[in-house]
Amino acid sequence: MAVFHDQLNRVVSLSTTPQRIISIVPSQTELLFHLGLDTEVIGITKFCIHPEDKFKALAKVGGTKQLNIDQIRALKPDLIIANKEENERSQVEELMNICQVWISDIHDLDSALEMIRTVGLLVNRETEAQALYRDIISSFAHLALPAINLSIAYFIWRKPYMVAGSGTFIDNMLQRCGLINAIDKDRYPEITPQEIIAISPDLIFLSSKPYPFKQKHIDEFKLMLPHAKVILVDGEMFSWYGSRLLYAAGYFKTIMQTLTLN
């Protein structure tokens, strides 16, 4: 019997290496396939879109917050990988009656890296996880962007407007870009147009996920904040904390070079 602890410090006991895994978190699903679990992953959510060929082939067990518990039970998993923030607590507690559930709690790069290493141990892919860990650390070490003293509001939703506040993984990624989060509230608060005008950030990032901001929304924000620079950004780069982190630092560097040149 192998005993692990998840990021909520819960004990997760596995009698053997998992052979039937369900992932209910998109970024962690992508991680599992990066680690080579092509046959072990048997179920994913409808939002686990990477890699595309696996998304098309595998059973979908609902959305991250609207899981089909009966379908998950029928698939007979021996391990479910979840996340504190992305999944509903009541549903995750139901899943604990089916099999062992390992729950991540990600709020910065360090906790993401810890998750990668621990998941590698869970699924007997320690060597692959360690290599990924080293490559991500190296990519961020080469990022090393200086603070440019620009304040930013990172929007994740519209109607109502919602932004990434402090204590979030997105906030940590913004800090690594050398930016100052203009939002001093925790987590993902709603914000009114009047509040954002009063805050008056230098930059507005409109994320491609979860709300699909488009070019037309740039015009909307420019009317609201004519002095601010408004750009669309790849939400996966700022919010996916698995193997996609391999590409995040390079993406951040490109964005910041663009900003400083303009």
Can you tell me if [atom1] on [X] sees more than 12 non-hydrogen neighbours from other groups inside 6.0 Å?
X	atom1	result
Q175	CD	yes
H142	NE2	no
Q66	CD	no
K253	NZ	no
K185	NZ	no

Quiz item: When rounded to the nearest 0.5 angstrom, what is the spacing between CE in M115 and CD in Q28?
Solution: 4.5 Å
Quiz item: Are M96 and V61 in one and the same hydrophobic cluster, where Ile, Leu, Val, Met, Phe, Trp and Tyr link if side-chain heavy atoms are under 4.5 Å apart?
Solution: yes
Exercise. Indicate yes or no: at least one non-hydrogen side-chain atom of V233 is less than 4.5 angstrom from one of Y154.
Key: yes
Quiz item: Below 4.5 Å, heavy atoms only, C-beta onward: do Q7 and K84 meet side chain to side chain?
Solution: no
Quiz prompt | D219/K222 salt bridge by N-O under 4.0 Å criterion | solution =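 Salt bridge absent between K222 and D219.
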Quiz item: Are K216 and E220 within salt-bridge range, i.e. N to O under 4.0 Å?
Solution: no
Quiz prompt | Among V119, I21, I80, L14, side-chain contact (heavy atoms from CB on, under 4.5 Å) partner for W102 | solution = V119
Quiz prompt | F55 and F33 aromatic centres sub-6.0 Å | solution =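 No: the rings miss the under 6.0 Å criterion.
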Quiz item: Centroid-to-centroid, H217 to Y211, below 6.0 Å?
Solution: yes
Quiz prompt | Ring geometry between Y251 and F238 (parallel below 30°, tilted from 30 to 60°, perpendicular above 60°) | solution =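 Correct class here is perpendicular.
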